[in-house]
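Right, one structure below, let's go through it.
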2 protein chains.
Amino acid sequence: MRRARSTKRTVAKPKGAFHHGDLRWALLQAASLLLERDGTAGVGLRATARLAGVSQTAPYRHFPDREAILAALAEQGLTTLGDRMAGAAREAKDPVAALNAIAETYVALAAERPYLFRLLFGPEVADKARHPAVRAAGLRAFDVLIGAIGAGQRAGVVRAGEATDLALGYWAAIHGIALLLLDGMVGERAAAAGGPAALARQVAGQAWLGLTPRPAR
Amino acid sequence: MRRARSTKRTVAKPKGAFHHGDLRWALLQAASLLLERDGTAGVGLRATARLAGVSQTAPYRHFPDREAILAALAEQGLTTLGDRMAGAAREAKDPVAALNAIAETYVALAAERPYLFRLLFGPEVADKARHPAVRAAGLRAFDVLIGAIGAGQRAGVVRAGEATDLALGYWAAIHGIALLLLDGMVGERAAAAGGPAALARQVAGQAWLGLTPRPAR
DNA sequence: ACCTGAACACCGTTCAAGT
DNA sequence: ACCTGAACACCGTTCAAGT
């Protein structure tokens with residue numbers, strides 16, 4: 001936290017006139033608060049401006065439209081996701097532990113900040129070509145997983161093959177279970193498995209079987 | 001199609017007064033059209049009413065709020081998904097082909113009707129407890145997959161274990177790749193694999209490895 | 001440059017009223 | 001029962017204007 005957070009209706013507004021160039025930062029801070037509290041639908045241009053203590057039209061100085069604010073939040077979120085995945089992988093003692101840690105981190109962020117997680121991959125930021133920074137942040141997170149798969153291959157615990165393809169299959173599985181958990185589609189299975197995290201570990205374990213060296217066929 | 005579709009601004013409005021009890025159906029038809037054309041955001045109460053040729057408040061006779069319309073669309077969509085999956089499994093000649101056909105059908109629906117697919121699992125219908133019919137339709141689709149896994153176990157091509165758990169891991173993988181494809185996150189990989197469907201087959205194949213009988217450990 | 005207030009064309013929802 | 005029009009409190013976005 002680089003700045004004290006006010007509990008009043010406005011956030012980080014000095015007193016009178018200008019934001020000295022960090023209005024963009026203040027707006028993103030406000031938008032992030034609204035996202036956590038009210039979901040994507042709550043991140044309105046007017047609502048964000050109100051919370052930041054500026055006029056309704058001030059955000060247009062920094063963002064061309066509402067989608068641009070959401071895209072900036074998504075980029076922040078994907079960077080956070082990538083950083084956490086990289087941190088988890090770095091602290092693991094072997095490639096298998098690294099993959100498990102990545103899966104755990106991934107599902108944990110989805111559970112911790114569901115609205116943010118949906119925003120990262122959802123349709124609100126539809127035209128990814130218009131927001132290359134979002135796409136780049138996402139690919140950077142994916143790179144962490146590819147790296148862990150590659151390390152597994154070098155250690156001989158992951159089967160041969162294009163690391164990107166193997167990573168994609170694993171990613172799909174943990175991405176899928178994270179979303180199914182958010183959607184409340186697998187509540188009973190989670191209860192039976194001993195909680196959402198346990199169910200995610202189970203699914204990750206099954207995905208892991210797709211990565212192990214195959215016996216002679 | 002139970003009724004001719006008009007190309008005018010209104011749909012299925014006889015001429016003068018009442019809908020003789022099928023206003024609900026006409027509203028859902030209009031909402032479905034709007035969903036395909038403009039996405040979830042386009043499915044407004046007023047816009048739907050306008051397209052159906054009734055006043056803005058008429059929908060409230062059949063749906064308590066906007067979310068209820070979206071939930072009804074989601075229920076329809078999940079039923080369609082389940083039916084298609086069941087049809088694909090029925091026509092397959094063995095359990096392995098059935099699983100492949102289910103995965104293909106799943107990803108195909110996501111590609112064919114992206115807005116509908118997102119609605120099925122997204123946050124627009126947030127409180128699933130308030131919409132048990134949606135949840136039931138989703139679980140029915142899942143049952144098709146569980147059945148295919150069970151058939152594979154009986155045929156000896158799928159390893160032993162709780163069929164529901166094995167199905168969940170497989171579901172997560174195809175659900176994940178379907179969404180990653182929609183999100184435009186794996187466009188390059190899809191091109192390299194020979195198209196989205198080919199990439200989905202590849203991921204399904206990897207998920208399949210999690211289902212095969214294990215060699216002696 | 002940066003920010004403002006008024007205006008435009010929309011929303012979802014509520015309410016009193018009509019047949 | 002079923003449908004209507006007016007009203008309320010919101011939206012995103014545009015525009016002319018202010019410092």
Side-chain angles (χ1 to χ4, degrees), chain A residues 9-31 34-35 37-73 119 123-127 130-131, chain B residues 9-31 34-35 37-73 119 123-127 130-131:
Chain A
R9 283 186 75 252
T10 62
V11 163
K13 183 75 186 306
K15 59 178 84 161
F18 293 106
H19 266 280
H20 304 294
D22 66 353
L23 174 56
R24 193 192 138 91
W25 181 86
L27 286 169
L28 280 179
Q29 188 78 352
L34 288 169
L35 179 65
R37 206 186 62 190
D38 304 325
T40 309
V43 185
L45 267 169
R46 289 164 103 114
T48 301
R50 219 158 31 228
L51 191 60
V54 291
S55 80
Q56 348 168 351
T57 53
Y60 284 98
R61 295 294 125 201
H62 298 277
F63 302 97
D65 52 26
R66 177 174 177 266
E67 187 176 318
I69 295 186
L70 294 173
L73 287 178
L119 180 63
E124 292 87 1
V125 186
D127 195 348
R130 275 183 60 203
H131 306 285
Chain B
R9 282 187 76 250
T10 62
V11 164
K13 184 77 186 307
K15 58 176 86 162
F18 292 107
H19 266 281
H20 302 295
D22 65 353
L23 175 57
R24 192 192 140 91
W25 181 85
L27 287 169
L28 280 179
Q29 188 79 351
L34 289 169
L35 178 65
R37 206 187 61 190
D38 305 324
T40 309
V43 185
L45 268 168
R46 289 164 103 115
T48 301
R50 217 155 36 224
L51 191 59
V54 291
S55 80
Q56 347 168 352
T57 53
Y60 285 98
R61 295 293 125 201
H62 297 276
F63 302 97
D65 52 26
R66 177 175 177 265
E67 186 177 319
I69 295 186
L70 294 173
L73 288 177
L119 179 64
E124 293 87 1
V125 186
D127 195 348
R130 273 183 61 204
H131 305 286

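Proteins get letters first, then strands, A, B, ... in listed order; numbering begins at 1 in each.
If you check C:dG5, D:dC3, D:dG5 against the side chain of B:Thr57, the one that comes closest is D:dG5. Among the nucleotides C:dC11, C:dT13, C:dC3, the one closest to any side-chain atom of A:Arg61 is C:dC3.
Taking CZ of B:Arg46 as the start and CG of B:Leu51 as the end, the distance is 15.5 Å to the nearest 0.5 Å. Rounding to the nearest 0.5 angstrom, the gap separating the CG atom in A:Leu70 from the OG1 atom in A:Thr40 is 6.5 Å. Note: B:Gln29 CD to B:Asp22 CG = 10.5 Å, rounded to the nearest 0.5 Å.
In this structure, A:Arg50 places its CZ atom 17 Å from C1' of C:dC3, rounding to the nearest Å. Rounded to whole Å, atom P of C:dC10 lies 17 Å from atom CZ of B:Arg66. Look at CZ on B:Phe63: it is 14 Å from P on C:dG12, rounded to the nearest Å. Going from atom CD of B:Gln56 over to atom P of D:dC8 covers 14 Å, rounded to whole Å. In this structure, NE2 of B:His62 is placed 10 Å from C1' of D:dC3, rounded to the nearest angstrom. For the pair B:Glu67 CD and C:dC11 C1', the computed distance is 16 Å after rounding to whole Å. Atom pair B:Leu27:CG and D:dC2:C1' shows a separation of 12 Å (rounding to whole Å applied). What separates CG of A:Leu34 from P of D:dG12 is a distance of 11 Å, to the nearest Å.
Listed here is the closest heavy atom pair of B:Ala52 and B:Ala26: CB-O, 4.4 Å.
Residues from residues 40-47 of chain A placing a heavy atom under 4.0 Å of any atom in DNA chain D, listed by number, are A:Gly44, A:Leu45, A:Arg46.
Between B:Phe63 and B:Leu45, the closest side-chain pair of non-hydrogen atoms is not below 4.5 Å.
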>> Run B:His62 and B:Leu23 through side-chain contact (heavy atoms from CB on, under 4.5 Å) and show every step you take.
In response: CA-CA 8 Å; B:His62 297 276; B:Leu23 175 57; 3.6 Å; yes
> Where do A:Thr48 and A:Leu34 land on the side-chain contact (heavy atoms from CB on, under 4.5 Å) test, with the steps shown first?
Replying inline: CA-CA 7 Å; A:Thr48 301; A:Leu34 288 169; 3.6 Å; yes
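Dashed line: the shortest gap from a side-chain N or O of B:Tyr60 to OP1 or OP2 of C:dT14 is not under 4.0 Å.
Shown here are the side-chain hydrogen bond (donor to acceptor under 3.5 Å, both in side chains) partners of A:Arg37, two or more places apart in sequence or in another chain: there are none.
The backbone N or O of A:Val43 sits less than 3.5 Å from a side-chain atom of A:Arg66, completing a donor-acceptor pair.
The strand DNA chain C forms stems, runs of 3 or more Watson-Crick or G-U wobble pairs with distances below 3.5 Å, at C:4-8 with D:12-16, C:12-16 with D:4-8.
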